[in-house]
Trainee: 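This is the structure I want to talk about, given as structure tokens.
Letters go in sequence order (proteins before strands), and every chain restarts at 1.
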Amino acid sequence: MNWIIAFPELVLTLCGLVILTVGVVQKKSTNPFAACSMLTIAAFAITGFLVTVSPDGSGYEHVFVNDGFARFMKVLSLIGGALATIMTLSYRGTSGGGRFELPVLILFSTIGTMLMASSDNMMTLFVGLELSSLAIYILCAFDRDSVVSSESGLKYFILGSLASGLLLYGISLTYGYGGTMEYGAIRTVLIQSGGASLGLMLGIVFLIAGLAFKLSAVPFHMWTPDVYQGAPTPVTAYLAGAPKIATFALILRIMAGPFGALAPQWQLLIEMISVLSMVFGSLAAIPQTNIKRLMAYSSIGHMGYALMGLAAATPGGIRGTLVYLTTYLFMNVGVFAGIAAMRRKGHETTDIADLSGLGRTSPGLALMMAIFMFSMLGMPPTAGFFGKLMVFSAAYGAGLYGLLAIGAITSAIGAYYYLRIVKVMYFDASAPAFDTRSPSLAFLSVSMGIVTALFVLVLGPVTSAAQAAASALIG
Amino acid sequence: MIATLSNFLFHTMLGHVVLVALETLAVLVPLLLGVAYLTLAERKVMAAMQLRKGPNVNGPFGVLQAFADAIKMLTKETVIPSGANRFLFLFAPFLTFSLAMVAWAVIPTGNGIAVADINVGVLYLLAISSLGVYGILIAGWASNSKYAFLGGLRSAAQMVSYEVSIGLIIVSVLLAVGSLNLNDIVLAQRHVWFCLPMFPMFILFFISALAETNRAPFDLPEGESELVAGFFVEYSALAFGLFFLGEYANMFLMSGMTSILFLGGWLPPVGIAPFTWIPGPIWLIVKILFCLFCFIWVRATFPRYRYDQLMRLGWKVFLPLSLAWMIGTAGFLMATGLLPHQGVS
Amino acid sequence: MHDVIASYFPVLVFGVIAVGIAGAMLGGSLLAGHQKPYAEKTSAYECGFEAFDDARRRFDVRFYLVAILFIIFDLEVAFLFPWAVSLSHVGLFGFLSMLGFLGMLTVGFIYEWCKGALDWD
């Protein structure tokens, strides 16, 4: 039993349990929120280190695998989790004061995402996805005294259970028609039988539908705007980062691995989802007045771009997707750190109009937000440009010219609403200034701004790591 | 004649059914008589403990009291409250009473002698006794009366709370047995009854059994001083009688489980001459009667618990204790290599 | 396999007979008793008052909490049953795995305890 390959997950789980216990045994008078958040960040750091040094291998009766791809995705998830936890340090609910369950739930959800990245069996896929989702349902409704937060949690929970149902149905169809739940064995079965039966194809469609829901890709996106808007801002930042990356890990792994032989069949499906997401994301974002809703539609569009790399179904495409996700993670956290800083007299304001004149009242924050917006639309030399460049060139290489053209057009449409925010910040009449930013938010937006603006400096290492990850997958 | 009969009973399908039916009646008839007389025994024992006489009018020493009660209940009017759900209202006592009887199908009365000697007897018992909570919840809800509703809820919460520790205690026993078959559990106690090495669990199980059957000192759901009889406040005639009998049948069942799990079931105390002459079923009955006497004894002795004390005892005392004991047992058996190697085929 | 199913057959017969007895008792009582209902008799008992509203209304959320806790711990027990009878086969690794599982549940238990989910006042 090669149990050591799951050592990072075991360590993180243990840390989570310890932090939970430490938090709950405190006396009523002391609020362990800050301490627990710091401990959680430390746990993420330790686990990140353990992940980078963890050995390759497969264990636990072929349900768990560790390879270059899993490590890459796990490190991204952990970074996403850690950044969101840093953001929670400044979080105050409607009733004031954070509760220590917030970082602990982020930690447990991140364990789920790590499990997803390492899944080698439909069982691990489902358990990981549920572990990550269940924690997020609670996180979305974390601000118990706020109606929108409860609404967000409930909506996500109900629609998420529906998606889990679809996913389970897909898994059972795959198991029924393929005779196994192990990725490697499914691949062998498919190669030997020289194609998939109708039942198995149906299973794949359900699997993609279930996973596309978690990605918030069209046509399974309907939960996204309400959930993004209602959930506490650090939770939204987390929700848009680690879980989506892990879902991408799943979808890449099962499409490239067990269903790799069926690429011509599922390629069209992924292409359609990608096109719909890009078009819907960019068009629906235009009339938005709430910045969190805007970011929700923006994330729908971004998932479309990232899926473009998968639609190409080449190692280059997967590398492109991985780099795209990396850049998206950083600029996304940066934007949400900016949104979290939008507070007047202790109350959160999330209208785009509230940003008016930010260039004069708070030039630092405005500059960072402008960098993120330019990156989101893919302006060189920011991070977003390189991500887009790589998926576009992969699509070009695979001959998906239609997809490429639509991607280019929707990017141009996207430019409109991203630049509108820049315009509001710099050219509209000033609104009252925001409260002073807390150090953690200032740190996050500045550091993410630097990473986004100067991504070209780390482009080499990131690309080669993504290349190694992609070749571990397709090899 | 005898050959034909035995051929019919042992070699034809219908004969098999008849045989099983006869076995069933051989268990149920004594059980129902026992239940009827348990109500009388309870009144007599409590009376003796309180220096009273108890029922003494019907027949010598009141032995016909049980029948008098039965006839009275049978001929009373079954009042169905106007707001009640008629079907569920009548279904609840029916369910409670049926379940209390059905559980007896697997109780072994001698070596390998049980109506159904199934491989997962303990699970069956646990499942059937868990279902008992439905009868009470349905009764509480169907009556559409506030007292009944509250009583039903309280009773359900109480029963499920103690069921967790009952489950953990049973797991402790199973660790030492290595089989889910009730006969194997009894046979594993050939050398020493489990009530000695697992004495704390024996006590815990007995107390949990009191709570599980809603008996004093845990008879909160009925709490006549506050809930005027709880979930069966609206019942009358034999619908009430079925609840009453079901509760007493459950006491029998819990005593039976205690005897099998901890008191060696049908085994004599020591396997030497004068004890082994007495047949197994007698030993089992003696043990069950001893447990039932303890049930009544406790009722006559202890005052009723408060509801918060009851829940605290269940969740904060019994659950950690039984869990710790279970882990300790497993660890001890692992460390000493005493784990049984039967079962799991 | 057939033997296992056959060993459950008596349970079925037992169940039918038990249900029959219960049904006969209930039905017999309905037939034997003299039924004469009227409005006052069939109204719900409320210490002599008129019942002022429907009894099926909201109740304390604690009952729900107890039900949820019960499900968690009963599932734990359900996992323990097969483990307990096969402990000699699964060996030390099986023992330690279950210990890990129980440890995790114990942390959950401590959390509930400290959060006051087990208090009833």
Trainee: Which distance, rounded to the nearest 0.5 Å, do you find between the CZ of B:R154 and the CZ of C:F63?
Mentor: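 Answer for the CZ-CZ pair, B:R154 versus C:F63, is 7.0 Å.
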Trainee: Considering only heavy atoms and a distance below 4.5 Å, find which of B:T329, B:V122, B:L319 pairs most often with chain C.
Mentor: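 Top option by heavy-atom pairs under 4.5 Å: B:L319.
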Trainee: Out of B:L123, B:L32, B:L99, B:D117, which one racks up the most heavy-atom pairs below 4.5 Å with chain C?
Mentor: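 Looking at each of B:L123, B:L32, B:L99, B:D117 in turn, B:L123 comes out on top.
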Trainee: Let me know if B:L25 has heavy atoms under 4.5 Å from chain C in its side chain, its backbone, both or neither.
Mentor: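 For B:L25, the contact with chain C is made by the side chain alone.
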Trainee: Should B:S161 and C:F73 count as side-chain neighbours, where that means a heavy-atom distance under 4.5 Å?
Mentor: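 In short, these two side chains do not touch, never coming nearer than 4.5 Å.
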Trainee: Please classify the contact of B:L310 with chain C as side chain, backbone, both or neither, using a heavy-atom distance under 4.5 Å.
Mentor: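 No part of B:L310 comes within 4.5 Å of chain C.
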Trainee: B:F94 and C:G23: which non-hydrogen atoms are nearest, and at how many Å?
Mentor: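 Scanning both residues, the minimum pair turns out to be CE1-N, 3.5 Å.
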Trainee: Report which part of B:L19 has an atom under 4.5 Å of a heavy atom belonging to chain C: side chain, backbone, both, or neither.
Mentor: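 Neither part.
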Trainee: Examine whether an atom of C:E112 lies under 4.5 Å from a heavy atom of chain B, and if so say whether it belongs to the side chain, the backbone or both; otherwise answer neither.
Mentor: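 For C:E112, neither part sits under 4.5 Å from chain B.
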Trainee: Does C:F9, at its CZ atom, have more than 12 non-hydrogen atoms belonging to other residues, nucleotides or ligands within less than 6.0 Å?
Mentor: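 Yes - once you tally the heavy atoms of other residues, nucleotides and ligands closer than 6.0 Å, there are more than 12.
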Trainee: Highest number of heavy-atom pairs under 4.5 Å with chain C: which of B:V20, B:V160, B:V173?
Mentor: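 The residue among B:V20, B:V160, B:V173 with the greatest pair count is B:V160.
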Trainee: CH2 of B:W315 to CZ of C:F109: how many Å apart, nearest 0.5 Å?
Mentor: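 Spacing of CH2 (B:W315) from CZ (C:F109) equals 7.5 Å.
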Trainee: As a quick check of understanding, evaluate side-chain contact (heavy atoms from CB on, under 4.5 Å) for B:L323 and C:T106, giving each step before the final call.
Mentor: CA-CA 9 Å; B:L323 187 62; C:T106 306; 4.2 Å; yes
Trainee: Compare every heavy atom of C:S29 with every heavy atom of B:T78, then report the nearest pair and how far apart it is.
Mentor: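 For B:T78 versus C:S29, the nearest heavy atoms are OG1-OG, 3.5 Å.
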Trainee: Is any side-chain heavy atom of C:D60 less than 4.5 Å from a side-chain heavy atom of B:L153?
Mentor: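 A side-chain contact under 4.5 Å is absent here.
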Trainee: Which atoms of B:L126 are under 4.5 Å from chain C, going by heavy atoms: the side chain, the backbone, both sets, or neither?
Mentor: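 For B:L126, side-chain heavy atoms alone lie under 4.5 Å from chain C.
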Trainee: Side chain, backbone, both or neither: which part of C:F59 has a heavy atom under 4.5 Å from chain B?
Mentor: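 Side chain only.
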Trainee: Can you tell which part of C:F70 gets under 4.5 Å to a heavy atom of chain B, answering side chain, backbone, both or neither?
Mentor: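 Contact with chain B: backbone and side chain both.
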Trainee: A quick test of your reading: do over 12 heavy atoms of other residues, nucleotides or ligands sit less than 6.0 Å from CZ of C:F79?
Mentor: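 No, CZ of C:F79 has 12 or fewer neighbouring heavy atoms, counting only those of other groups under 6.0 Å.
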Trainee: Would you mind checking if C:D119 and B:K316 are paired as a salt bridge, meaning a charged N to carboxylate O distance below 4.0 Å?
Mentor: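 A salt bridge links B:K316 with C:D119.
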Trainee: Using the side-chain contact (heavy atoms from CB on, under 4.5 Å) rule, take B:N119 and C:Y8 through it: C-alpha gap first, then chi angles, then the decisive distance, then the call.
Mentor: CA-CA 9 Å; B:N119 51 354; C:Y8 281 86; 3.0 Å; yes
Trainee: Taking every non-hydrogen pair under 4.5 Å, which of B:W104, B:F97, B:Y124, B:W141 racks up the most with chain C?
Mentor: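 Heavy-atom pair counts peak at B:W141.
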Trainee: Quick one: closest heavy-atom pair of C:A18 and B:S98, and the distance?
Mentor: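 Nearest pair, atom of C:A18 first, then B:S98: CB-O, 4.3 Å.
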Trainee: Out of curiosity, B:I170 CD1 to C:F81 CZ, how far, rounded to the nearest 0.5 Å?
Mentor: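 Answer rounded to 0.5 Å: 5.0 Å.
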Trainee: Between B:L174 and C:L80, does a side-chain contact (heavy atoms from CB on, under 4.5 Å) hold up when you go through it step by step?
Mentor: CA-CA 10 Å; B:L174 292 180; C:L80 283 169; over 6 Å; no
Trainee: Tell me, for B:M326 versus chain C, whether the close heavy atoms (under 4.5 Å) come from the side chain, the backbone, both or neither.
Mentor: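 Side chain of B:M326 only, per the 4.5 Å heavy-atom cut-off to chain C.
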Trainee: Give, as side chain, backbone, both or neither, the part of B:V120 having an atom under 4.5 angstrom from any heavy atom of chain C.
Mentor: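 Both parts, backbone and side chain.
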Trainee: Which region of B:L28, side chain (C-beta onward) or backbone (N, CA, C, O), has a non-hydrogen atom less than 4.5 Å from a non-hydrogen atom of chain C, or is it both or neither?
Mentor: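 Side chain of B:L28 only, per the 4.5 Å heavy-atom cut-off to chain C.
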Trainee: I need the minimum non-hydrogen distance between B:A116 and C:V11, along with the two atoms involved.
Mentor: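 Nearest heavy atoms, B:A116 then C:V11: CB-CG2, 3.5 Å.
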Trainee: CG/B:L245 to CE/C:M25 distance, rounded to the nearest 0.5 angstrom?
Mentor: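 It is 5.0 Å, given to the nearest 0.5 Å.
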Trainee: Answer whether the closest heavy-atom distance between the side chains of B:V106 and C:F14 falls below 4.5 Å.
Mentor: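 No, every pair of side-chain atoms sits at 4.5 Å or beyond.
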Trainee: Does any backbone or side-chain atom of B:I80 lie under 4.5 Å from a heavy atom of chain C? Answer side chain, backbone, both or neither.
Mentor: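 Backbone only.
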Trainee: Could you look at C:L102 and say if it's the side chain, the backbone, both or neither that has a heavy atom under 4.5 Å from chain B?
Mentor: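 For C:L102, the side chain is the part near chain B, not the backbone.
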Trainee: For a side-chain contact (heavy atoms from CB on, under 4.5 Å) check, start with the C-alpha distance between B:L175 and C:W83, then their side-chain angles and the critical distance, and finish with the verdict.
Mentor: CA-CA 9 Å; B:L175 279 167; C:W83 171 80; 4.1 Å; yes
Trainee: Most heavy-atom pairs under 4.5 angstrom with chain B, which of C:L30, C:L31, C:L99?
Mentor: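 Heavy-atom pair counts peak at C:L30.
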Trainee: Looking at B:M311 and C:V66, what are the two nearest heavy atoms and their distance?
Mentor: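 Distance-wise, the nearest heavy atoms are CE-CG2, 3.7 Å.
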Trainee: Rounded to the nearest 0.5 Å, how far does CD1 of B:I327 lie from CE of C:M98?
Mentor: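 Nearest 0.5 Å value for the CE-CD1 distance: 10.0 Å.
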Trainee: Non-hydrogen atoms of chain C under 4.5 Å away: do they reach the side chain of B:K76, the backbone, both or neither?
Mentor: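 The backbone, not the side chain.
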Trainee: Roughly how far apart are B:S130 OG and C:D74 CG, rounded to 0.5 Å?
Mentor: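 Here the rounded value is 6.5 Å.
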Trainee: Where does B:L95 contact chain C at under 4.5 Å (heavy atoms): side chain, backbone, both or neither?
Mentor: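 Neither part.
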Trainee: Give me the atom names and distance for the closest heavy-atom approach of C:V77 to B:V164.
Mentor: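 Scanning both residues, the minimum pair turns out to be CG2-O, 4.1 Å.
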